Structures are given as structure tokens and as C-alpha cells.
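These numbers come from a predicted model, not from an experiment. Protein chains get the first letters and strands the later ones, always in sequence-line order, with residue 1 at the start of each.
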There are 4 protein chains.
Amino acid sequence: MEKKLEKVENRPGRPRCLDARRAILDATWQILSGEGGFADLTMEGIAERAGVGKTTVYRWWPNKASVAAEAFFTRIEPKVRFRDTGSLREDIRLQIKELCKVLTSRSGRVLRALLGGGQSDPELIDAFRSQWMEPRRVKGREILSKAVLTGEMRSDIDLDVALDALYGPIYLRFLVKHLPLDNSFVDQLCDSAFEGLLAKTPAQRRSRAH
Amino acid sequence: MEKKLEKVENRPGRPRCLDARRAILDATWQILSGEGGFADLTMEGIAERAGVGKTTVYRWWPNKASVAAEAFFTRIEPKVRFRDTGSLREDIRLQIKELCKVLTSRSGRVLRALLGGGQSDPELIDAFRSQWMEPRRVKGREILSKAVLTGEMRSDIDLDVALDALYGPIYLRFLVKHLPLDNSFVDQLCDSAFEGLLAKTPAQRRSRAH
Amino acid sequence: MEKKLEKVENRPGRPRCLDARRAILDATWQILSGEGGFADLTMEGIAERAGVGKTTVYRWWPNKASVAAEAFFTRIEPKVRFRDTGSLREDIRLQIKELCKVLTSRSGRVLRALLGGGQSDPELIDAFRSQWMEPRRVKGREILSKAVLTGEMRSDIDLDVALDALYGPIYLRFLVKHLPLDNSFVDQLCDSAFEGLLAKTPAQRRSRAH
Amino acid sequence: MEKKLEKVENRPGRPRCLDARRAILDATWQILSGEGGFADLTMEGIAERAGVGKTTVYRWWPNKASVAAEAFFTRIEPKVRFRDTGSLREDIRLQIKELCKVLTSRSGRVLRALLGGGQSDPELIDAFRSQWMEPRRVKGREILSKAVLTGEMRSDIDLDVALDALYGPIYLRFLVKHLPLDNSFVDQLCDSAFEGLLAKTPAQRRSRAH
DNA sequence: GGATAATCGAGACGGTACGTCAAGTCTTCTT
DNA sequence: AAGAAGACTTGACGTACCGTCTCGATTATCC
């Protein structure tokens, strides 16, 4: 732990050991990816696995929620990406499928733990919102507003409502686990969200057909 | 605690004290309604607040998740109710608004705690599913399938997907708290879910108008 | 640790496990008898060596000083004994020699630790006074007052001053370790204390001689 | 801390800052004068109160015992002084009273802390012996040996034993606090130490009278 | 009606992890 | 090179709960 020291600022004192930081986040990630999720994550466990004093963990993070959040978001966040196929519907569908892939992977376990922990820890849910959700929604709002301009999407619905309509069902299955988060679900969900649940009149059927 | 004893079976020994049971569930409910959610719920705390020995709690529930679940569901479950106005859309909208009222009340805090705790406790999320969600979905599926028969709702979408499309957004806002769970949201959400996000062609506009 | 449970009073709850108590005091004694004295005594160490939870130690003793005190005094106190040879001087000299034997033994290490710790812990020095010193002084005062009655000892000196005069020098060497606590010291000390430091006139020499 | 730098030798580098040294010793003294004695003295506390880096403390003293010892003895040592009234008894009595005044003052708290700490720290008790006790005893031995030559004091008692007989009782009360360290005690103690505890024969009484 | 048995309260037990404090070391920038 | 600042590992602190256990007391059924 005493090796890689990188200068950050010109202030006195031994500079922060970046290896320690990295080791802590790595250890946290590993534990969080394991069986027990957030329940198996202990500050002592993190410190031990990282080969670091407990104090060092507490020096930089106030509680395990913060460590977990940072461990997760520094490693996951960059992966947001929207396609641009020209069709709003297609772009969104592909993006949602990609999201589902993340949610059903190892990272999903961690995300679930964070969302769960966030229900009794305001800071944690804040982190979830600002570091995970909002960046995605910014991108999503951008895409939707473009679609409004091109006339592909109706303009009388708040973009945030639209985003909730698209992603809410995903997170519901993700958290409650009542049904699988598979491709068929995403396809049907997009169908329903874009075209609506109501039965179409013959005229509508005709107009959608071409 | 030594008063109300009700006979259940004809077996020897002192019968189970129902007052104790009630006191435990009450205490659990109170704690769960507080600030910290599931994190503040401890078996010792329950026992103390209920004026009961810890053993008595453990005798009847294997862990705090079970107590929490029972405390919640014995007190909440009866309140589900659907209207029958003749219009699917209206019925659903009213039901969702009622749900939102529950979610933003004291019970909401507890529900949040359970859903949160459930992310690291399989039994808890099971209880949530089977005791809270599924009963509602049974009713919901019933209503939706009737609407399919009457032709109000399209028939090519899985009912479970439809339910997720309607309720997922609610739970997303409930858990992430990024935006309020108010009536305007519900209205817009229903609009979007029933009619779809896509812009309507003139023909569609006409056919929906009457 | 779960075996020998002895009933003490008729109060509810699992009765106190006396084996645990014993194991804790034993462990404490052993550690205290080791190299580092009080410095090597840790609550965690006591608990581990006793095969006991840390909580159990804290349940019965507020700090390690108390444990140490009890460990010492329950095991040492009974050994006070004065001879009765008829001569005050002889009785005292023998008693002091016995005390020195204790002070230079393993127990001495512990006693030193307690007296040392007592300098920054009022409760500890209280324990030392009430459980170690005072019982001895009671016996000592008794002997001295008898000697006053028989005319062997002068009556114009406070018995507590006399006791300090006899035992103070012992404890000084015990604590400061500037010179050994051997028999020759005790002999000379008694000589000096009983007969005084001043040179004798010829008349005195004569009167003491027979 | 950056002001008074005194050049001691002609060696390269920044010379030792004497202000730092002084500040450290001052801080140590203040802490040691407080409630908790040696137990409240921490290297970190010293450094902070002195406005000094922990490293600076460790550079010049190996452990807190050394700092404590130096803090005490550089400030106390000069005050030893014996009167010379011509009477050994009187000189000693006055000196002891002066000692008692010191012991019951603020310095006494520190001295108690050092003696207490010394019971589990060999270096500390060494310092106490060599820097506090021995200088006094050198002076004391001198006085006593003079008294032996003049015939005032008996010659068959080791001077160190005599010194222990005189000062041991003082330190006993100082450390155990079983009884006060007041003037009456000193008077009685001197009486007893110089004249002995045994009852006087009529002949002795006569010879002492004139 | 006396034995038997399930249940109650209380609370001690061996543990695990908490979050804090200080120890003593090490590394950097400043003087 | 000395000094300050402060990050580092280590280890004990005292606390909170965990889930298990052992009690005496209470309240029923069964013989």
C-alpha cells in the first residue's frame, strides 16, 4: 500500500495513497458482487480484504453506503450509450435492452443493494439518483425531445413522465423479481408504451400499418 | 401480557398469548414508521417496546423480516379496492390514485422499508410479492381481461406487462423519489400508458375524439 | 462456559454464570502476572483468554481496573496474618518480612500495576485502600494499641502515623525500586523505627541493654 | 514556531527550533496537571496543544514517558533546598514540610502521574529516580552523615534506610491518600522517626529532657 | 386435584461489527 | 536538514444487537 503515490495538489503532508483508495473500492466491489449483497458488506471486511486499516476507510467515506456507491458508480457509469437509428422507438428499445443486460449481471446485484439501502439512507438514494439515474435521464430527455420535434412523439406528455413510463416497469421487475427481465418483456413493454394499451379502431390500424 | 388468551387447539400447556403477538406487531409497525426504516428495526427493540421477552418474538417469527412483513400486511391488506365505473381507464386511474395515497402516507414509509430490506433479504421480498403485490395484481388482471373481452383494451399485450406498465412508474417514483407522486403525474401516466407515446395521425385524432 | 450455574437469588432471567466470572478473573490474573503488567492487560485479551464474550466482561466490571482489582484482591487478601510472639517489635518485623515476600513475588507485579493505575483512577486507588491496605491496618492498629496498653509502645504517637512510619519505607522501595526489599533492610528499618534515629546517651544505652 | 532559532553547531540544515521544544514541554506540563494524569497524556494531544507536528515530538523523545519526565524535571528540580539551623531534626522537619507543600500543589499531580506511570514503564521510574529522587537523597545523605559525625545521629543505621524511614511515610500518604499530608503529620512523623516508637524508660526521659 | 406441558417475562451467554481514538511510521512541502 | 502537516497500518476501546440459553412464574389440559 506504500507504493504508488501520485501528487494531486501542493499541500503539505503525506499525500493520499491512491492505491489504498483503489484497493478499498475493489474490495467493496468484490464483496458486493458476492452472495449476500449489502448484508455481507462490512467496513471491517472491506478494510481487511483491501489490506488497509479501518481508519483509512472511515477517513474518506462516512459509512459503507458511500463506499458502496462510489465503488459502483466509478466503475459503471461510463457505460451509458444510446444508439441513433433514426427511429425513437428502436433507439429506446435497444437502450432498454442494454440496461436489462446490466441489471441482470453482477452489477445488478450491487445496484439492487444500493437501491435497497437507499430506502433507509437518504444519502445513498441521493447518490443513486444523481450518479446513476440522472445522467441517463439527461440523455433520455434529449432523445425524446428530439423525437417531439420531428413529430415522432406526441408533445403533450411531460418528458419525465415518458421516461418513467418506459423505465419504471423495468425497475419494478428488477426489484420485485416477480417476472423475468427478458427481451420479450422489453419488446412488449415498448409496444405498449409507444402505442398504448387501448384497442385500436380500424382507422388507427390502417394508419399504423404502412 | 397475561390476560387475553384464546384457545386455538386442544393441546396441553399454556396457550399462546395473543396479546403478546399483537403487542409485537404493533411495536414493529411503530418502529417501521419511524425515520430509519428497516435499519432501525431490531429484534431487541421490538421486544422492549412490546414489553415482551426476546424469546417470545423468536418463538413465533424466525427473523425480523417475517415480523416486519406480518406487521405490515395484517394491517394494510384489506384496503385494496377497485371501482367499477364502466371505463377501464377511469377505474385504473382511480385505483392508482388511491395507491399513491397509501404510498405517500405513513404506511408508505413501512412499505418502502420492506421493499428496501427485501433487496438484501429474499424472504422479505417474497413476502412483499405474495402478500402485497400479487393480491392486487390478481384483481388487476381480472379487470384488464374483462376490458380485453369488451374490446376496450388491445388483446396482444400480456396482462402482466400491462400491469407493469401501469404500476412500474409509480413504484419508481416511490422508491427513487426523483419526482412527486401527485395526481397530475397519475393523469399523465395513464394518458401515456393507455394512448401511447407516439404522435397521433390525423385519422387517429379523429377516431379518439368522439 | 455453559455448565455450572449456581442460584444466587430469586430473580427472573438466566442466572449469572459463575464459571464465566471465574474464568475472567483467572485470565486477568494470568495476564497481569506476565511481562507487561497493567500495560498488557486489555479487555479484549481478557475476554479471549477467558473464552468469554467481551460483553460479559463489561457487564460485570466497568473497566479493566476493576477487573484487575477484583482478580487480585479475591486471591490475595486472605493471606494477612500477624504472629503473636509477645514482643511487638518481633511481631511487626516478621509481618513486614512476610509482606516483603509478597511484594517481591508475582503478586507484587500486580499490586504495583494497581497502585500505578490508581494514580490516574480514583476507583482503583479506592479499591487498593479498602481491599488491601485497610484490612491490614485494622490488624496493625489492634496490635499497636495493645502494645501501648502493655507499655511497650509510647502512647503519644497516633497509631496511623506509626503504621505509616513502619510501612511507608517498604512501599517506597517497592514502588521506586531504588534499593532492594531484603531482610537486612527490614531489620534496619525496624531498628530505626522502634528506637529512633537519634544517638543514644550513655544512660539510654544502659537502660536498653538489659 | 518559526521564530527563535539558536545556532548550536555549525552543521548543515535548518537548526533545531527551540521554541518547539519549549512548546512541547509546556503542553505536556499542562496536560499532566489536569485531571486524568498520565492516562490523559497522548503524543497526539501534546503535538496538537503545542502546535507542532507529531514527528517533531518523536524526533526528540522516544516516548511519552520521556517527554513527561523532562517536562516535569526541567521545571521542578531547582527548588530543592535544605535549611541549616544547626539541628538535624529541625532541618529535616522543615525540608519535609517543604516537600509536602510541593506534593500537595499542582506539581504534585504531575509527580503522581509520573510515579503512577512509572509502575508500568521502567524508563519513567528510572527518570523519576535519577532526576527527582537521587538529587534529593544526595543532599539528604550529606546532611545525615554530618549529623553522624557531630554525634547527633546514631551511626549504626544505613543512611539510605534512614532516608527511607523519613520520606517513605510521606510518599505513602501521597500515593495512597488514606490520610492527609499536613503539618501535624510531619511533626508526629519526625518525632517518631527520630525518637522511636518504643516507650521511654524514666532514665531516657530524664536524659532527653535537658 | 395434582401432574404435565406450553408459554411467558427476564436477562445472561458467546459473538460480530460498529465507529472512534491513539500509537508510531512514513512521505511530502516549506523554511 | 529541521519542521509542519497529515496519510498510513495497527490494535484496543466501549456499544449495540445478534440468536441461544436458562431460569421462575403462569396457565392451561389430562389423568
Side-chain angles (χ1 to χ4, degrees), chain A residues 1-2 5 7 9-21 41-45 47 51-60 62-64, chain B residues 1-2 5 7 9-17 19-20 41-45 47-48 50-60 62-64, chain C residues 1-2 5 7 9-17 19-21 41-45 47-48 50-60 62-64, chain D residues 1-2 5 11-17 19-20 41-45 47 51-60 62-64:
Chain A
M1 204 51 41
E2 304 300 340
L5 294 171
K7 205 165 96 178
E9 296 173 52
N10 259 6
R11 42 175 184 161
R14 174 173 173 176
R16 178 168 178 183
C17 174
L18 294 185
D19 274 5
R21 177 189 182 73
L41 188 69
T42 69
M43 288 300 240
E44 249 163 19
V52 143
K54 238 195 318 180
T55 328
T56 303
V57 185
Y58 279 108
R59 199 190 323 277
W60 303 109
N63 49 55
K64 61 179 170 180
Chain B
M1 205 51 39
E2 306 300 339
L5 295 172
K7 205 164 91 178
E9 297 172 51
N10 259 3
R11 41 173 184 165
R14 174 177 176 173
R16 178 169 178 183
C17 173
D19 274 4
L41 189 69
T42 69
M43 288 302 239
E44 250 166 17
E48 193 192 6
V52 142
K54 243 196 315 181
T55 330
T56 305
V57 186
Y58 278 109
R59 199 190 321 275
W60 303 109
N63 50 54
K64 62 179 171 180
Chain C
M1 205 51 41
E2 304 298 342
L5 296 172
K7 202 166 95 180
E9 296 172 53
N10 258 5
R11 39 175 188 159
R14 174 174 175 175
R16 177 168 179 183
C17 174
D19 274 4
R21 176 190 183 73
L41 188 70
T42 69
M43 287 302 240
E44 250 163 21
E48 194 191 4
V52 143
K54 236 195 320 179
T55 328
T56 303
V57 186
Y58 279 108
R59 200 189 324 275
W60 303 109
N63 49 54
K64 62 179 169 179
Chain D
M1 203 51 40
E2 304 303 338
L5 293 173
R11 37 176 186 164
R14 175 176 174 176
R16 180 169 177 185
C17 173
D19 273 5
L41 188 70
T42 69
M43 288 302 240
E44 252 166 16
V52 141
K54 243 196 314 181
T55 330
T56 306
V57 185
Y58 278 109
R59 197 188 323 276
W60 303 108
N63 50 54
K64 63 179 170 178

Between OG1 on residue D/T56 and CZ on residue D/R59, distance to nearest 0.5 Å: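 Atom-to-atom, D/T56:OG1 and D/R59:CZ are 5.5 Å apart.
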Residues in side chain to side chain donor-acceptor pair (under 3.5 Å) contact with C/E48, at least two apart in sequence or another chain: none
With sequence neighbours excluded, residues passing side chain to side chain donor-acceptor pair (under 3.5 Å) with B/K54: B/E44
Does [N] have OP1 or OP2 under 4.0 Å away from a side-chain N or O of [X]?
| X | N | result |
| --- | --- | --- |
| D/W60 | F/dG3 | yes |
| D/T56 | F/dA4 | yes |
| C/R59 | E/dC13 | yes |

Nearest heavy atoms of C/K64 and C/L41, plus distance in Å: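 Shortest heavy-atom separation between C/K64 and C/L41 comes out as NZ-O, 2.9 Å.
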Minimal non-hydrogen separation, C/M43 against C/N63, with atom names: CE-C, 3.6 Å
Base versus backbone protein contacts along nucleotides 12-17 of chain F [heavy-atom cut-off under 4.0 Å; B, S, -]: BBBBBB
